[in-house]
Number of protein chains: 2
Amino acid sequence: MAPTPTARPLPNVLLTCLVPVASWFVIRPLLDPSPPLPALFASVGFSIFAFLAALYLIPALGPTFVKANLKGRDLLKVYSDPIPESQGLVCASIYILLLILFIPFPFSNSVGSLPDSGKTLEGLQGVASLHHELSIYLSSLLSLLMATMLGFLDDVFDIRWRHKLPIPIIAAIPMLMVYYAEGGNTHVVIPIPLRRFFGVLVNLGPLYYLYMSLLSTFTTNSINILAGINGSEVSQAVIIAMSVILNDLLYLPWPIDFKIPLHLLGSQAEVEVGGAWHAGMAYGSSELVDRHLFSLYIMLPLLGVCLGFMYHNWYPARAFPGDTLCYTTGMAFSVVGIQGHFSKTLLLFFLPQIFNFVLSCPQLFGLVPCPRHRVPRFDPDTNLLYASKVLFLRPPSKTASFVLRIMSSLGLTALTTHPSNGTILEATNLTVLNFLLVRLGAMNEKRLVQMLMATQVTGSLLAFVVRYGLSGLVYDGDRR
Amino acid sequence: MAPTPTARPLPNVLLTCLVPVASWFVIRPLLDPSPPLPALFASVGFSIFAFLAALYLIPALGPTFVKANLKGRDLLKVYSDPIPESQGLVCASIYILLLILFIPFPFSNSVGSLPDSGKTLEGLQGVASLHHELSIYLSSLLSLLMATMLGFLDDVFDIRWRHKLPIPIIAAIPMLMVYYAEGGNTHVVIPIPLRRFFGVLVNLGPLYYLYMSLLSTFTTNSINILAGINGSEVSQAVIIAMSVILNDLLYLPWPIDFKIPLHLLGSQAEVEVGGAWHAGMAYGSSELVDRHLFSLYIMLPLLGVCLGFMYHNWYPARAFPGDTLCYTTGMAFSVVGIQGHFSKTLLLFFLPQIFNFVLSCPQLFGLVPCPRHRVPRFDPDTNLLYASKVLFLRPPSKTASFVLRIMSSLGLTALTTHPSNGTILEATNLTVLNFLLVRLGAMNEKRLVQMLMATQVTGSLLAFVVRYGLSGLVYDGDRR
């Protein structure tokens, strides 16, 4: 019997065609006349290479991982072949290496990424801020690399989840240190209704650093705990990355002009996007363009590797991500949120994760017992997944019963009660996956991950409505 | 039986006294009036903390490593208890984390590391170059972290040595990319006798990048192949780090004035060191002071962790370094050599490693068979080490015989020949350790590592004589 389930075949001819396309994107900025936003061209090229590299290296390195004892059984399958585990390490390595090779494109004078004086486009960075931007980019890379390293150590040393919750804070340190050394802004804009108490701007000082480190903990762990079925971690990363990219694109200088009729959604004004080099929604602010370009440089290759990995992690999975993937992607989202100064918008793209976290709280904080695995239960006969349950060996406390009954009445969990005295005997585990199974009934694993993705997409759509529609109610255009 | 040989006891009272000392060094730069070279104070403090952290964390984490299957048997001992392997990872993690926490000291205006205008000391950096310096520091950290990561992957996946030779080049990429993006200098100063052909300065262009990547391969692998007995890797790192630190100190602005009578060694002039803030041998060049300060920031904490680790790695070893330690220390030496622009001086401190490499060439390049382990042979009865031998199953080729006979006549190897026809039957393995055993006779492991250290110290003394004595014959003061 083969040591792993057969690797998924790749459409080689189709993929070969992508190589010249990617090469063109990388080489184009070096040719004269250089295109507007040349580094973005290169970033697109690198991202296609990232996709291809992940697609080919994941199956190629699978046996090496299995040999080094980095393997796992798929608990929701009838077969028990070892599947290579921690292959997020391959994704992370490709990703970070490409981000490093990308350095000269935005940060070197020689690559012609800077428009000559005289033909400066609105909203594009100048030479002066180059060193500063490079420091920020490098500190972000350091944080990403530390997250990868810590994720892999977690996989190798199998750290218990209660102990590993604060680990992402360590990975965030380089970013925080450079933010501090460069005299980073620690002011936040106050929502309009609260301005009478705090004023327009409040300096959070050290609290701002606490906020940034908690953000990295949240983005990392929230993806990690919404896991357990094939493709769940990587599909979250893919959809969040796409949402961030879409949001970034709104702030670039587009040569076309269109309006979004957001007043229909309650915004105070229509949102005008673009117009001949009007820097999109940045309205001519080169700082905003810079920040969102930076975010694109980080997000595009992440999307590339994640899509490549998803091909092999899709049901039935031929590769497992391990904690490494969650740590790296989670840190990448924190990096763009913090360095791009749009952490509130970023958090909106994590609505399903926030929901999952709130739902999990009774189990995370010990009110309801928390088994080691809360993944749905697999029935080999029907090939369907059912919501997994926590059994109460002792009757739950009064508080726990109260919380569970409320959650049950909201449809968030299903309870089994004692037929005579009504004591709670069982409750479905409090995760989004089990919630979906409780609401929609048993389904197979592929269908469940599709439902999860649909939830994530819905969350992102809602996020855009809130960000560009409703936020007009509590914020004006002041975006310092 | 205990899972590992008992951890070495620590003099807790003595060590506790170091905590306030280290704290004072870290806090002193924040107090007014700030001392000259305030960041150097902090660096000394961090290095003491690095020493303490390594001293306590190495034994504390030993069982975790053994549990994660990162363990090895000591081949040169009578007992076969598992010893934690790859603990260089602990050293590297402490080291890099401290280097990151150190960032605000030299690179932030707020910590007062910059003298106020008006009382600017000669040879100290200005605000302008701060961003630039920070980029260089961050790219160095990235290279160090990549080296650590790759070293650990090497330990986990057990990469074959022929495949892993070029791995350090990957770790050097961040450094090279930033060097390129920042428009780094690729000119070299030509020795006086060759100037009639090439001029004073030659632009090596891309060849300079090749040189830098080969340097990182050399510093990393050369320490790795001079290994095999307790304390060998870390003692090399300690002595090289001390040599680099001593060399750096010569370029700092010292308040005392003294002369080194180097004309006795053939130098064209006496070397005048120091004099009231005359920036030591930098002769008022702030660039030279900056470079050597940078080197000290990298080297001091390295010395700290290495000394802490050496305590546990000393004969009989309670912890093994793994490839991780060699990768991280090797990359640290490359970083200071390249970013400090003293790679030629650095290579002089690697004389024993160069000797070991040249000696190993016949085995590395396949002329003489190379067994997987070339460590000396241990005799359990006498507790002594003997030079290990390579057995010729087939008679060696004519070239190999010729080379071996020359090496034998130079005393570099001992041959066993056929009593009648003189064919070579055996030769001692071509490493410095076996060479020492051939020349000085069998000795125990502790004595052998002491001999190795003596060799390394002698090499460094010779290096200083060559650098400050003989180099005057081929270089003038031009040090661009």
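For the numbers below, each heavy atom of this structure counts, side chains included, while hydrogens, waters and symmetry mates do not. A note on names: the letters A, B, ... follow the listed sequences, proteins ahead of strands, and every chain is numbered from 1.
At least one donor-acceptor pair closer than 3.5 Å links the side chain of A:Asp154 to the backbone N or O of A:Ile159.
Note: B:Tyr179 and B:His341 have tilted aromatic rings, judged against thresholds of 30 and 60 degrees for the angle between ring planes. Below 30°, between 30° and 60°, or above 60°: for A:Tyr180 and A:Tyr209 the angle between ring planes is above 60°, a perpendicular geometry. Aromatic ring orientation, B:Phe105 versus B:Phe102: parallel (interplanar angle below 30°, classes split at 30° and 60°).
Heavy atoms of A:Phe152 lying under 4.5 Å from chain B belong exclusively to its side chain. If you measure heavy-atom distances from A:Leu99 to chain B, you find no contacts under 4.5 Å at all. At a 4.5 Å heavy-atom cutoff, the contact between B:Leu153 and chain A is made by side-chain atoms alone. Contacts between A:Ile136 and chain B at a heavy-atom distance below 4.5 Å are absent for every atom of the residue. With a threshold of 4.5 angstrom between heavy atoms, B:Leu70 approaches chain A through side-chain atoms but not through N, CA, C or O. For A:Leu89, the part lying near chain B is the side chain, with the backbone staying farther off; criterion is any non-hydrogen pair under 4.5 Å.
In summary, the side chains of A:Thr324 and A:Ser86 do not present any donor paired with an acceptor at a separation below 3.5 Å, with no hydrogens or angles considered.
Among A:Ile170, A:Asn69, A:Thr64, the residue with the largest count of heavy-atom pairs under 4.5 Å with chain B is A:Thr64. Of the listed residues (B:Val178, B:Ile100, B:Leu176), the one with the most heavy-atom contacts under 4.5 Å to chain A is B:Ile100. The greatest number of non-hydrogen atom pairs below 4.5 Å with chain B, out of A:Ile96, A:Leu101, A:Leu97, is found for A:Leu101. Among A:Leu138, A:Thr148, A:Ile173, A:Ile103, the residue with the largest count of heavy-atom pairs under 4.5 Å with chain B is A:Leu138.
Note: A:Phe46 and A:Tyr297 fail the aromatic proximity criterion, with ring centroids not under 6.0 Å apart.
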Could you go through B:Asp158 and A:Lys67, starting from their C-alpha distance and side-chain angles, then the distance that decides it, and tell me whether this counts as salt bridge (Lys or Arg N to Asp or Glu O under 4.0 Å)? CA-CA 10 Å; B:Asp158 202 14; A:Lys67 210 175 125 203; over 6 Å; no

